[in-house]
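Mind looking over this structure? Questions follow.
Numbered from 1 within each chain, the chains take letters A, B, ... in sequence-line order.
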Amino acid sequence: MRKLISTKENTWCTGCGNFGLFAAVRKSIQMLHEAGTPMADIVMSAGIGCHGKIFDYLEISGIYGLHGRALATASGVKLANPQLKVLVFGGDGDSLGEGLEHTLFAAKRNMDITLILHNNGNYGLTTGQASPLSIKGFKGLTTPMGNVERPFTPVTLMMEAGASFVGRSYTARIEHLSQMIFQAVNHPGFSFVEVLQPCVSYNNTYQLYNEHCQIMSEIPESEEKARSLAKSADPIYLGIYHQEEIPVYHQQIQDGGASLTRAQRLALLKS
Amino acid sequence: MRKLISTKENTWCTGCGNFGLFAAVRKSIQMLHEAGTPMADIVMSAGIGCHGKIFDYLEISGIYGLHGRALATASGVKLANPQLKVLVFGGDGDSLGEGLEHTLFAAKRNMDITLILHNNGNYGLTTGQASPLSIKGFKGLTTPMGNVERPFTPVTLMMEAGASFVGRSYTARIEHLSQMIFQAVNHPGFSFVEVLQPCVSYNNTYQLYNEHCQIMSEIPESEEKARSLAKSADPIYLGIYHQEEIPVYHQQIQDGGASLTRAQRLALLKS
Amino acid sequence: MSSKIYNVLIGGKAGEGVKKAAQVIADLAVKHGQYIFQTDDYQSLIRGGHNFSLLSISDERTYNTYAKADLIVSFDQRSILRHLEDMAEGALHFCNEGDSEDARVIPLPLSALMKEHYQGPAHISLSAVAIFAALCGISLSALQEIIKAEFRRQVDENIAYAAAIYALIKERYPQGQRSLAANPDLPAKNYTGNQAIALGAYAGGLDYYYGYPMTPASSILHYLAKMRDTHGVYAIHAESELAAINMAIGSAFAGRRSAVGSSGGGFALMQEGFSLAGMVEAPLLCILSSRPGPATGASTYTGQEDLYFALNQGHGEFARIVASPDSFERAFSLAAELLDLAWECQSPAILLTEKQLSESMINLDLPVDDLHPPLSEEAKYTEPYERYALTESGISPLKFPGAGNCAEDDIIKWNSNEHVESGVRTDTAFTIVAMRDKRNRKYESIVKATQKYQRIARYGQGEKLVFAYGSTALELREAQKYLPFRLVVPIYLEPFPFEELSEYQGAEAIVVEHASHPNFARFLKEKLNVKIKTNILRYDGRHFHTEELIQKLKEAFDA
Amino acid sequence: MSSKIYNVLIGGKAGEGVKKAAQVIADLAVKHGQYIFQTDDYQSLIRGGHNFSLLSISDERTYNTYAKADLIVSFDQRSILRHLEDMAEGALHFCNEGDSEDARVIPLPLSALMKEHYQGPAHISLSAVAIFAALCGISLSALQEIIKAEFRRQVDENIAYAAAIYALIKERYPQGQRSLAANPDLPAKNYTGNQAIALGAYAGGLDYYYGYPMTPASSILHYLAKMRDTHGVYAIHAESELAAINMAIGSAFAGRRSAVGSSGGGFALMQEGFSLAGMVEAPLLCILSSRPGPATGASTYTGQEDLYFALNQGHGEFARIVASPDSFERAFSLAAELLDLAWECQSPAILLTEKQLSESMINLDLPVDDLHPPLSEEAKYTEPYERYALTESGISPLKFPGAGNCAEDDIIKWNSNEHVESGVRTDTAFTIVAMRDKRNRKYESIVKATQKYQRIARYGQGEKLVFAYGSTALELREAQKYLPFRLVVPIYLEPFPFEELSEYQGAEAIVVEHASHPNFARFLKEKLNVKIKTNILRYDGRHFHTEELIQKLKEAFDA
Ligand SMILES: Cc1ncc(C[n+]2csc(CCOP(=O)(O)OP(=O)(O)O)c2C)c(N)n1
Ligand SMILES: Cc1ncc(C[n+]2csc(CCOP(=O)(O)OP(=O)(O)O)c2C)c(N)n1
Ligand code: SF4
Ligand code: SF4
Ligand SMILES: [Mg+2]
Ligand SMILES: [Mg+2]
């Protein structure tokens, strides 16, 4: 298998949670490959933000689209070639702010793609503004007197939208995270992985997560249970919250057949 | 009090649920007025769709904005003059499709405005395409072989997003609906009223609703209870699902003071 | 006006089947060897209001409607009043008994007959079809056949009701009003402009169409959605126009031809995505069908106000193709061409049209055999594959992800940030320039690529020179039946076909367009230094009726 | 070059405080009676990479930077290598001991001293400040004072560390490098272009600013956000640019002055809203600060590629104002003016600028007293109030909802659909035309309204004529210190100031712009038939250094 790290200089801050995430993703891709997925069949898309830089560092094909639109782009990729495994790297500003609608609709449709949400609780790349996941009181450049909004809870929001696989992990739990991404990608349908990602420059949550994260021993037995665990601030539960097999979007609308040739099309039009 | 029906010719289809909604809204406005709100302080915004036509028919001030953006527009109105009571008329395509992000953010922020969602389960004005609330299997012009997506559940989605007042009513229960809108507008914070609105042309749900709708006797005692009642298809529960008083957005960021004069501004800049 | 042309107007409330009646009449006329042209005037409402459909029926090809109709059927009082002035000499204007006292209109017992023949909901629209059939020498059996095919609910009641009307008219007008001389080899199928565009794009290889309903572009989405199982094309109603264009770019990345379509408002929302297509070099067809703006505007009407908007889509500098079909045939061929060009040049292309073409209908043989063959794509790769290899043409080889499409270790990276050849982001001054220069070289490549297509059209002879684009050319071609002039139509607007149009450099011309400012005239001035003698502008959302346009042209010619 | 100008370059990794060091040096220089101009070159990353800041310090006003620096401080090896060629004659280039063997650079024991003086994290950026102070005759106490004010963490350690460096430099360069002659009455505060814009808009009555972060516009949002409690202005970070512009229009409806700002990508998303402003006749200020595109492009660099994009924002036809500030003073006054104009004409206005102005910094007296007084708004209503009353000027009286603002029964309806005077929707042909004509009459009203402002600027004397707009004018004004030419700058682009520029009709000129196509030149050709002698284009995202621009101009003049 080829190297998964490109030669592009890495410009994440030293200590950024993205390094752990990156390591876990490489591990999961290796697992996918070892389990039989051709490397050519693994593609990604990414939003714009610190998270999106993984596009330059990770040596797989993909499309680095617009801020907030990575899931829409990825949906188009998947529909056009359902054989591809499509990983999407989104930021919390990106996927739950600018691009919120695409995230909820990908879940609603049960598009067979995987969203890896870099939850760093702020807009990193634009130097630390409050994001849709910033806690109340967060001080950033656009909220110098403190954020007055309440954050979304991504796990329950995505369950509500209809995601058929929902999990949470932490960049400092590389083994747990890589296993989860592996399972998420293999899950047929929309899979969502919230990754707690400390941002050392603007929202250093290492201590918080190190102290409070706790891995669940199993998938919660009910939705209510899952919801209440997801909302718990202490402990912060890591693990799969929800998983079900339901019909996948592209399988319901298409056979995935080959594109007709021009001659075939013209013949059809003349018939 | 002035007449609330304008002279503009009404072009809703005969039998459209919007007539009931319109009647209920007029009643609620009358109640608001009688309870002391000046008519000049009641304003609206509306999306583009059959629902939006209420803008032309209802004789109150407002802004008829873009498809999907009514809540953003309304948020700007409210921030600029917090004394106004702001009613937003949204369609299911409008507020949960094109403009989904604004709807969730208005809830998340607890903006003190009221969203009245005309849930007719399709895009009426553009002649009956599937909407974000269309049931699976719905046949419309964009889903001639049947919709393959699952609908959102607006009540639980809005609870998840953070709405502090969430209710459901039905256009054929004018008394119930008008009471609910009255309460919603009086509620300090974001209030969301899902209105079951039969569309006689593309999604005639009168029989369904008449047979299955049931008014809840009280606000469900817990979130779980509320969620499970909201998801029930038979009976379809009408009533307030959730209500809590939490800090309102505009009060947290501003004193609502008057705009400074130019002279005051220039003096400040020179100081 | 031309005695050959028989003009029909059907008017009534939305929901009464006005448009449907006109379509069925058009079908009947075509079946009886006539050329047809149909246009509908309706508002953004589902029931009520006032809709009317105009239909020109003729032995020769017609391109437009006329203000004065020979046959009018009004389903309600508003229609009667609205269209009293629209009666040509000798016109028959029918209405429901009791709807009018006016001597010029002819009451028929439509309600009475509906009561008699229907138990449940009745179809008033059928009356217009039956009246037409009876007046134009169409047999009862032909009438019944088409009713069976086109009005499938309450078939027996429909047939009985239509027969009663038919008999009544036959009795009152035994001579009929018009005989339809059958023309041989006449195109037998009717298509709207949007259908022609949809099928053209399909012929050009379209696999995925992403849209969000917006008049007057919606029917492309609807039409393609119905073709899924028969033609293997996918039309997807996205959550928004923003989603649509980004999905389409994603599908192009995965190797499938894709397109999006909307009207001005939705197109405005797609601008960032349009710019993305410029940067990642995505082949992408965008269909912009205009209506009067700004904002929501007059949503069911026509206009050409978006010319500069279309030409200047998206932030940043990048090459694009913009072209506008001047006929229904061209709607078909241009959609195919533009999709081919988008892929040949890896650039976004805009098919700019307007409601008047999108939603009007004509009987048409799709010019299927006239399409240029698709390009033989012989990409020259150097190893390792680099998405943005710096080529002389500015066009880099395309490869697609997926086992079977590319080698196991090919890395295919499309990047919205400025990038190096491999597709990885860069901020280096030198590379920014090199990549921009590469992309800018595509301007020349696009010019070359478009040269193999017909980039302008010329119609008619005469001293006077008239310029127009888009469906305005259709209106002018109908006017040419009565007035001689040379009509010159740029089909391609960007790149501008300077070669073909060089002879008009500095020429004096009349420019006709549907906008309140002479935008197209300004464009011609900038490109060709054309001296504008007169601007004929219409901007009330309506098309020109032939009579009016002739009048305006005469005034301009005589000025 | 001019011996008066002292150029400083600080280079290092993002996160090392490069920009901060330059800003503090700028502060010190200003405090010591010098004019400053600062520009930062950085990438879209938070730590690492290579950033550098350029600072021109002079006895007279400076408008641009120079390629060659007199003092360079490199915090890392990459900076040393990148900037070896950027040393002016006699330049001092300092670095950390061990970072370079090159004889041209001067190693200092920075790390050793940091170890000595800091227990925790050290501030390498302080070294540059201390070196500058020591070389430019600034007293140790002045240095300590500014450190106390500007580096508030670890103050004692900072002061000790800076003092050590200061002593070291004083010892090695007892003569210093430069003496800063104090100029009297010099502007004492530093502002970036974005700060000037923010304050100008504030002066113009801005109450609500809605934005979504996007370089290089973000700092307007940040700056205004900090002013909330002191100035009573609200800066709101919306969920997207789409939200921002619709919120802003909502606030205008409610009677408060509002504005939005973004760069090309975010602006693309605001196009539909921009068109809405045109239709509802919302007064709205939009700030577009450009960077190289397309798409995400080169996000932290400068460019002027969005000229036509800005001029053609939004679908449909409607009047708008587009203007671009050519200086920091103008950034302030134009923002105020455009907000006034937007309200006077009830139209959207775009302030078009670019990173070079937005993020560069200068010491400045805000031209607070030069602002035109606000309009006395004397609306003439007829009863009942009609939002879209058909006036001769095209401008209808504005009333705002809310008890206290309007009468209890006033109905104030803003409508994105075409509408009648009361604001209720219409599809009537006649009214569509009447309303369009009303709005079109605003084109003339806007022309008149803009005439009271300075719409063009002329700088310098000479035979040669040079055109530019935006911050490119600053670069050219610095070049004018060395080369005589006439610089003409349209500040207003739409409506175009024909009156003021008529003398240049057909003139021969050189056009300088930051784009890969001569867009501005094309614009001048269309408007004034200017004959372009030479296009000087730069499109690598960088500004012109003065020396380079002089060279290019010389070549053009001699051509
Ligand atoms: C349309 C648009 N708006 C704004 C931006 C500027 N922008 C780039 S990254 C970013 C925020 C990133 O925050 P998040 O998505 O949380 O990513 P992070 O950097 O935290 O990983 C923004 C606003 C953009 N590129 N495009
Ligand atoms: C940006 C944009 N896209 C599309 C449209 C066209 N459009 C008008 S109404 C409508 C759908 C309305 O559906 P819904 O919001 O459910 O309202 P309803 O008619 O059902 O009340 C659409 C897509 C538009 N006006 N603007
Ligand atoms: S700013 Fe935060 S998220 Fe971005 S690279 Fe640095 S630590 Fe990571
Ligand atoms: S289409 Fe449906 S929603 Fe629209 S007016 Fe008719 S019944 Fe009502
Ligand atoms: Mg983030
Ligand atoms: Mg609806």
Check: Can you find a side-chain donor-acceptor pair between Gln271(C) and Gln271(D) that sits under 3.5 Å?
Finding: yes

From the list Arg425(C), Arg538(C), Lys525(C), the residue making the most non-hydrogen contacts under 4.5 Å with chain D is Arg425(C)

Fill in: Aromatic Tyr301(C) / basic Arg291(C) pairing, under 6.0 angstrom, 45° off normal
no

Applying a strict 4.5 Å limit to non-hydrogen atoms, the region of Asp427(D) in contact with chain C is both

Open item on the list: Parallel, tilted or perpendicular: which one describes the rings of Trp414(D) and Phe253(D), with boundaries at 30° and 60°?
Closed with: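 Correct class here is perpendicular.
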
| message | At a heavy-atom distance under 4.5 Å, which candidate from Asp306(C), Leu276(C), Leu307(C) has the highest pair count against chain D? | response |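 Most heavy-atom pairs within the cutoff with chain D belong to Asp306(C).
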
Whatever's closer than 4.5 Å to a heavy atom in chain C on Thr426(D) counts as neither

So, the part of Asn417(C) with a heavy atom under 4.5 Å from chain D: the answer is both

Can you tell me how the ring of Phe523(C) sits relative to the ring of Tyr308(C), calling it parallel under 30°, perpendicular over 60° and tilted otherwise?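 Phe523(C) and Tyr308(C): perpendicular rings.
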
- Query: Should the ring pair His50(C) and Phe52(C) be called parallel, tilted or perpendicular, given that the plane angle runs from 0 to 90° and is split at 30 and 60?
  - Reply: parallel

Open item on the list: If we define contacts as heavy-atom pairs under 4.5 Å, which of Ile432(D), Thr300(D), Val280(D) has the most with chain C?
Closed with: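 Max contact count across the listed options: Ile432(D).
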
Closest-packed option against chain D by number of heavy-atom pairs under 4.5 Å, given Glu418(C), Arg542(C), Gln313(C), Gln43(C)
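Heavy-atom pairs under 4.5 Å are most numerous for Arg542(C).
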
Among Gly316(C), Ser299(C), Ala295(C), Ala310(C), the residue with the most heavy-atom pairs under 4.5 Å to chain D is Ala295(C)

Item to check | N-O pairing of Arg436(C) and Glu317(C) below 4.0 Å | outcome: yes

Practice prompt. Can you tell which part of Asn415(C) gets under 4.5 Å to a heavy atom of chain D, answering side chain, backbone, both or neither?
Written response: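 Neither the backbone nor the side chain of Asn415(C) comes within 4.5 Å of chain D.
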
The interface call for Tyr443(C) against chain D, heavy-atom contacts under 4.5 Å, is side chain

Exercise. Measure the spacing between CZ of Phe267(C) and SG of Cys286(C) and express it to the nearest 0.5 Å.
Key: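 Answer for the CZ-SG pair, Phe267(C) versus Cys286(C), is 4.5 Å.
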
Task: Pairs of heavy atoms under 4.5 Å with chain C: top-ranked of Arg522(D), His419(D), Met270(D) - done: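 The residue among Arg522(D), His419(D), Met270(D) with the greatest pair count is Arg522(D).
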
Highest number of heavy-atom pairs under 4.5 Å with chain D among Pro292(C), Pro294(C), Gly293(C) belongs to Pro294(C)

Original post:
Looking at Thr428(D), Leu288(D), Thr431(D), Asn440(D), which makes the most heavy-atom pairs under 4.5 Å with chain C?
Top reply: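 The option with the most such pairs is Asn440(D).
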
Turns out that what part of Leu242(C) lies under 4.5 Å from chain D's heavy atoms comes down to side chain

Exercise for review: Under the side-chain hydrogen bond (donor to acceptor under 3.5 Å, both in side chains) rule, what do Thr65(C) and His545(C) come out as? Steps first, then yes or no, please.
Suggested key: CA-CA 6 Å; Thr65(C) 63; His545(C) 285 303; 3.1 Å; yes

Pair count under 4.5 Å, heavy atoms only, with chain D: among Gly314(C), Ser263(C), Gly278(C), highest is Gly314(C)

Practice problem: Given ring pair (Phe, Tyr, Trp, His ring centres under 6.0 Å), test Tyr539(D) with His514(D) step by step and report yes or no. | Solution: CA-CA 5 Å; Tyr539(D) 53 99; His514(D) 284 274; 9.9 Å; no

*Under 4.5 Å heavy-atom distance to chain C, tell me which part of Arg439(D) shows up: side chain, backbone, both or neither.*
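Answer is side chain: those atoms of Arg439(D) sit under 4.5 Å from chain C.
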
- Message: Test your reading of the model: is there a side-chain donor-acceptor pair from Lys442(C) to the backbone of Cys345(C), 3.5 Å cut-off?
- Response: yes

Looking only at Gly273(D), Ser290(D), Ser275(D), most heavy-atom pairs under 4.5 Å shared with chain C are made by Ser275(D)

Using a cut-off of under 4.5 Å for heavy-atom pairs, which of Ala434(D), Gly266(D), Ala515(D) has the most such pairs with chain C?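 Max contact count across the listed options: Ala515(D).
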
*asked:* Any carboxylate oxygen within less than 4.0 angstrom of a Lys/Arg side-chain nitrogen, looking at Lys527(C) and Glu526(D)?
replied: no

